[in-house]
Participant: 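The structure under discussion is supplied below as structure tokens; questions concerning it will follow.
As a basis for the values below, the full set of heavy atoms in this structure was taken, side chains included, without hydrogen atoms, waters or symmetry mates.
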Amino acid sequence: MGITSLHALYAKRAHQWTVIRDCIEGEDAIKNKGETYLPRMGGSTDMQYAAYKKRARWNNYTARNLSGLHGLIFRRSPTINAPEEFIKSKVLDNIDRKGTNLYQFLSDSVYDVMQTSFGGILIDLPVAEGITTVAEAEKAGIRPYLRYYPAESIINWGYSIINGVEQLSFVVLKETVEDYSTDEFTCTLQEQYRVLDARGDHYRQRIFRKIDSEDSKEVIYGETDVIDVVVNGSNLTELPFVLIPSDTPEKPMFYDLAMCNIGHYQKTADYENGVHLTTIPTLWVTGHNDQSPDGEKEIIHLGWDAALIFPEPEAKVGNLSFSGVGLVHSETAITQSLADMAILGSRLLASEKGVSESSDSARIHRAGENATLATFAKNISERVTKILNIMAKWMGIEGKIEVQLCTDYDTLSFDPNALNAIANLAEAGKLPLPYVFDILLNGEYTPSGATFEEYAVLLEMEQQGASPLDIINQYRLLQQGSGIKQIKNNIANLPPKEDPEITDEETEEV
């Protein structure tokens, strides 16, 4: 198989990824697959099967659930703690060289990874000849950028011992590139494979494309380009490719829900078909010869202006009527499948409870449901943190970077009694200010992107008697990326707070 060889886990999970992708895509994708998702009834013709499939209903609970859970993760912007130099570089505003900021890049990537529970991000550099230092790269505007690869593109990978630690040592990425070689207006899509490997003390990228061969009927791929990656004048020893959310593809979190959604689709096909067949009036006639005197078949007409008259005294006419509990069983099965989907993946699908929950029991209920999603978000946060630290290292920026996606999905309002108690403890000097800030941040009483330094600086300004206009101006400077040091200098230049003068009349009144 060569370059197109598939990893065993890729082959195992590929079908599951396809099922989920089709479910997310919706009704057209499901129905276009025909018998893959809706088996044909025995003995039915193509016309009968087409009508059977058309009557089936696809309610996209899988996509609805995905959108809801994705919205929970990004209900608050990711928090990013990074050196001031890294923030000022504006690399987060164009993280992929396509003008995409980090928030949108993460939102799109996570939405895709949630479907397959597998993906990868490559930290890459533009090809530049003769540039070997950070200063030269900065002057030329060359910075590292990120490229996201979905699960289907990561067809093979392997691990080796590098610097005494087992690390990712090679990855094969299947890519589709645009080819305008024919003319500037005609675009053809070409398939190629990008191989990343880091063996010994050298990291490189190799490109494999199709090679025309008259001697072989098979498609042959040959190495066409070799890219030696050098950062700051040194060879890399580690592969700058990070698999997310884990090192190997696991069972997708939405697979069981997707299969249940398909089962619901099949049940609605049976139900709608049964309703169609049992509700259309069907005339029956017995004891009548439908042959006319000239030997031709007699046509029986129905309608308000037509009467049925038969010469045979024993002739009988009637309408078929449905009886029994067949459709009741079908309705029960559909209801049960809805309940199963609610249990498998989404409170968004669950019906409202007849008895209201207490606030404590509601929190416990949500905590159990959110555990899997929170674990997923934490894993993504760790991987993205690693990625941004690699980027900073390549840019020659020192200092630790940390990224944290939202893991608090409890949207209940903050308890006002608890908030008052916290304020009283802080005022009495029994609750440190950093603790107060964390409580306010988690309770969504402060902006999601706020930092403790920003909170403390603005608080200090208020305590020094700065006017509301001065405070809002400094706050805007913080939002625009001004450093804390600059803001502190601005505070130092504020006029000292003056005690209000007490007049003689006020003294006498006291």
Participant: Rounded to the nearest 0.5 Å, what separation is found between the CZ atom of Phe241 and the OG atom of Ser169?
Facilitator: 13.0 Å
Participant: Please check if atom CD in Glu25 has more than 12 non-hydrogen atoms from other residues, nucleotides or ligands closer than 6.0 Å.
Facilitator: no
Participant: Between Arg204 and Asp197, does at least one N-O distance fall below 4.0 Å, as a salt bridge requires?
Facilitator: yes
Participant: Given Lys53 and Glu272, is the salt bridge (Lys or Arg N to Asp or Glu O under 4.0 Å) satisfied, shown in steps?
Facilitator: CA-CA 10 Å; Lys53 181 176 66 175; Glu272 295 295 338; over 6 Å; no
Participant: Any ion pair linking Arg21 and Asp112 (charged N to carboxylate O, less than 4.0 Å)?
Facilitator: yes
Participant: When you look at NZ of Lys174, are more than 12 heavy atoms from neighbouring residues, nucleotides or ligands closer to it than 6.0 Å?
Facilitator: no
Participant: Around Glu250, counting heavy atoms of other residues, nucleotides and ligands shown, do more than 12 lie under 6.0 Å from its CD?
Facilitator: no
Participant: Could you tell me whether the side chains of Ser107 and His70 share a donor-acceptor contact shorter than 3.5 Å?
Facilitator: yes
Participant: Counting only N and O atoms by type, is there a donor-acceptor contact under 3.5 Å from the side chain of Gln104 to the main-chain atoms of Asn101?
Facilitator: no
Participant: Is there side-chain contact between Val113 and Phe118, with heavy atoms separated by less than 4.5 Å?
Facilitator: no
Participant: Would you say Lys386 has more than 12 foreign heavy atoms packed within less than 6.0 Å of its NZ?
Facilitator: no
Participant: With distance as the sole test, does Lys316 use its side chain to make a donor-acceptor pair with the main-chain N or O of His288 at under 3.5 Å?
Facilitator: no
Participant: Looking at every non-hydrogen atom in both residues, tell me the closest pair between Ile154 and Gly120 and how far apart they are.
Facilitator: CD1-N, 3.5 Å
Participant: Which is it for Thr100 and Asn94 under the side-chain contact (heavy atoms from CB on, under 4.5 Å) test, yes or no, and what are the steps along the way?
Facilitator: CA-CA 5 Å; Thr100 309; Asn94 183 14; 5.7 Å; no
Participant: So does Arg40 get a backbone contact from the side chain of Ser44, meaning a donor-acceptor N/O pair under 3.5 Å?
Facilitator: no
Participant: Distance-only, no hydrogens or angles: does the Tyr49 side chain make a donor-acceptor pair with backbone N or O of Gly34 under 3.5 Å?
Facilitator: yes
Participant: Looking at Leu106 and Val384, what are the two nearest heavy atoms and their distance?
Facilitator: CD2-CG2, 3.6 Å
Participant: What is the minimum heavy-atom distance between Phe376 and Pro245, and which atoms define it?
Facilitator: CE1-CG, 3.9 Å
Participant: Say whether Tyr265 and Asn59, considering side chains only, have a donor N or O and an acceptor N or O under 3.5 Å apart.
Facilitator: no
Participant: Distance from Lys251 atom NZ to Arg13 atom CZ, nearest 0.5 Å?
Facilitator: 8.0 Å
Participant: Compare all side-chain heavy atoms of Leu239 with those of Gln167 and state whether any distance is below 4.5 angstrom.
Facilitator: no
Participant: Does any part of the side chain of Leu146, heavy atoms only, come nearer than 4.5 Å to the side chain of Phe105, both counted from C-beta?
Facilitator: yes
Participant: Could you walk me through whether Val19 and Tyr255 pass the side-chain contact (heavy atoms from CB on, under 4.5 Å) check?
Facilitator: CA-CA 8 Å; Val19 169; Tyr255 181 67; 4.3 Å; yes
Participant: Check Pro252 against Thr116 and note the closest heavy-atom contact, atom names and distance.
Facilitator: CG-O, 3.7 Å
Participant: Side chains of Asp270 and Tyr52: donor-acceptor distance under 3.5 Å anywhere?
Facilitator: yes
Participant: Let's go through Ile401 and Phe86 carefully: what are the C-alpha distance in whole Å and the side-chain angles of both, what is the deciding distance for side-chain contact (heavy atoms from CB on, under 4.5 Å) to 0.1 Å, and is it a yes or a no?
Facilitator: CA-CA 9 Å; Ile401 299 175; Phe86 188 74; 3.7 Å; yes
Participant: Is any side-chain heavy atom of Pro150 closer than 4.5 Å to a side-chain heavy atom of Trp17?
Facilitator: no
Participant: Would the distance check show the side chain of Arg206 and the main-chain N or O of Arg194 forming a donor-acceptor pair, the cut-off being under 3.5 Å?
Facilitator: no
Participant: Could you go step by step and tell me if Tyr37 and Glu35 meet the side-chain hydrogen bond (donor to acceptor under 3.5 Å, both in side chains) rule?
Facilitator: CA-CA 5 Å; Tyr37 298 123; Glu35 295 183 53; over 6 Å; no
Participant: Could you check, using the six-membered ring where one of them is a Trp, whether Tyr145 and Trp394 have ring centers closer than 6.0 angstrom?
Facilitator: no
Participant: When you check the side-chain N and O atoms of Thr62 and Asn261, is any donor under 3.5 Å from an acceptor?
Facilitator: yes
Participant: If I take atom NZ from residue Lys33 and atom CG from residue Leu38, how far apart are they, to the nearest 0.5 angstrom?
Facilitator: 14.0 Å
Participant: Evaluate the side-chain proximity of Leu196 to Leu173: yes if any heavy-atom separation is below 4.5 Å, no if none is.
Facilitator: yes
Participant: Provide the closest heavy-atom pair for Thr385 versus Asn389 in the form atom of the first, atom of the second, distance.
Facilitator: O-ND2, 2.7 Å
Participant: To the nearest 0.5 Å, what is the distance between CG on Leu388 and NZ on Lys393?
Facilitator: 15.0 Å
Participant: Hey, does Leu66 have a side-chain heavy atom less than 4.5 Å from the side chain of Ile24?
Facilitator: yes
Participant: Does Leu69 reach the side chain of Phe254, with side-chain heavy atoms less than 4.5 Å apart?
Facilitator: yes
Participant: Determine, using ring centers only, whether Phe74 and Tyr103 are less than 6.0 Å apart.
Facilitator: yes
Participant: Please determine if Arg97 and Asp124 form a salt bridge, counting it only when a charged side-chain N lies under 4.0 Å from a carboxylate O.
Facilitator: no
Participant: Which is it for Cys23 and Ile30 under the side-chain contact (heavy atoms from CB on, under 4.5 Å) test, yes or no, and what are the steps along the way?
Facilitator: CA-CA 7 Å; Cys23 288; Ile30 292 294; 4.2 Å; yes
Participant: Is the Tyr149-Trp157 ring centre distance short of 6.0 angstrom?
Facilitator: no
Participant: Hey, what do you get for OG1 (Thr286) to CZ (Phe310), rounding to the nearest 0.5 Å?
Facilitator: 9.5 Å
Participant: Say you draw a straight line from OG1 of Thr186 to CD of Glu178; how long is it, rounded to the nearest 0.5 Å?
Facilitator: 12.5 Å
Participant: Would a 4.5 Å heavy-atom cut-off, applied to side chains only, mark Tyr193 and Ile207 as touching?
Facilitator: no
Participant: Looking at every heavy atom in both Gly26 and Asn60, which two are closest together, and how far apart are they?
Facilitator: CA-ND2, 3.5 Å
Participant: So does Arg57 pair up with Glu27, basic N to acidic O under 4.0 Å?
Facilitator: no
Participant: Regarding Gln205 and Tyr203, do their side chains bring together a donor and an acceptor under 3.5 Å, going by distance alone?
Facilitator: yes
